[in-house]
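Every number for a ligand or one of its atoms is a count from 1 in the order of the listing. Just so you know, these numbers use all the heavy atoms, side chains as well, and skip hydrogens, waters and symmetry mates.
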Amino acid sequence: MIEQNTTDFGYRQLSPEEKTRQVGRVFSSVARKYDLMNDLMSLGIHRFWKRYTVHMAAPRSNARVLDVAGGTGDMTVLFRDRLGPEGQVILSDINEQMLIVGRDRLLDRGIVRGVDYVLADAEALPFRDNSFDCICIAFGLRNVTDKQRALQSMYDKLRYGSSLLILEFSTVVLPLLGKLYDQYSFRLIPHLGSLVTGDKDSYEYLVESIRRHPDQHTLKLMLEKAGFSRVNVYNLSGGIVAIHRGCKI
Ligand SMILES: C[S@@+](CC[C@H](N)C(=O)[O-])C[C@H]1O[C@@H](n2cnc3c(N)ncnc32)[C@H](O)[C@@H]1O
């Protein structure tokens, strides 16, 4: 029997191609309600996590920044606010529906200059090597089929002396919080998702994919394997999320 290569899609095992398809389905399905659900699920705390990540990135005013798996553009807006007129942010995502919602949001806010939009797979970023001063991926890596390949691609696109910032759900480090968080995520989130988006399955996937994502230490090792140096990990909200920062030197 030929053994097929499989990968996680939440708690299920699928072929890599099928996982990519299913992740595409999830985000096309929730795109229009994605921002509302983020605020409801996190009680708005995701805004703080994102702000803090941009604060840690501390880009120069003329930096060229790449927002990978940027979806509806929260990180792009925050970076754009920090940069001067000569800075540039590229909002990229593999999913056209998410990118369209992101572009419309930015245009509605009057953000026109210094932002570009690129439909792109994090595993094979279509940019010149060594061409970005900062790359971020927020709540995106978990959904990527081949994470190591994506880390390598992001490494290649960074200029020497620049950093990658990963903001992602991680492993809770406070036992009591972990128990409460499990109850909240498994019991409440899929129902909330069903109520707001009519799509319970996508929010079951969200909760499961968080549990399957590499923990802080494993992700640090993956960054080092991709070539990153000085990799630091910062737990936020007791490890519900973590920021990994790695430098290309
Ligand atoms: C949870 S959303 C995060 C959106 C945004 N960064 C934020 O923080 O709100 C995850 C995003 O990852 C995108 N994504 C999944 N796989 C991807 C891939 N291989 N390459 C690029 N984007 C991908 C999805 O389309 C989706 O927009």
> Looking at residues at least two apart in the chain, or sitting in another chain, which of them share a side-chain contact (heavy atoms from CB on, under 4.5 Å) with Leu99?
Replying inline: Leu91, Asp93, Leu119
>> Taking the basic N atoms (NZ, or NE/NH1/NH2) and the acidic carboxylate oxygens, is any pair closer than 4.0 Å for Arg47 and Asp39?
In response: yes
> Considering residues at least two apart in sequence or located in another chain, which fulfil the side-chain contact (heavy atoms from CB on, under 4.5 Å) criterion with Tyr11?
Replying inline: Phe186, Glu208, Arg211, Arg212
Protein N/O near ligand 1 N/O, under 3.5 Å, which pairs?
from     : atom 1 : to     : atom 2 : distance (Å)
ligand 1 : 6 (N)  : Ala69  : O      : 2.9
ligand 1 : 6 (N)  : Ala138 : O      : 2.8
ligand 1 : 8 (O)  : Lys50  : NZ     : 3.4
ligand 1 : 8 (O)  : Ala138 : O      : 3.2
ligand 1 : 9 (O)  : Tyr34  : OH     : 2.9
ligand 1 : 9 (O)  : Lys50  : NZ     : 3.0
ligand 1 : 19 (N) : Asp121 : OD1    : 2.9
ligand 1 : 20 (N) : Ala122 : N      : 2.8
ligand 1 : 22 (N) : Ile94  : N      : 3.4
ligand 1 : 25 (O) : Asp93  : OD1    : 2.6
ligand 1 : 27 (O) : Asp93  : OD1    : 3.3
ligand 1 : 27 (O) : Asp93  : OD2    : 2.7

>> Can you confirm whether Lys50 sits close enough to Phe139 that some side-chain heavy atom of one is under 4.5 Å from a side-chain heavy atom of the other?
In response: yes
> Partners of Arg60 by salt bridge (Lys or Arg N to Asp or Glu O under 4.0 Å), sequence neighbours excluded?
Replying inline: Asp133
>> If the threshold is 4.0 Å, N to carboxylate O, is there a salt bridge linking Lys157 and Asp129?
In response: yes
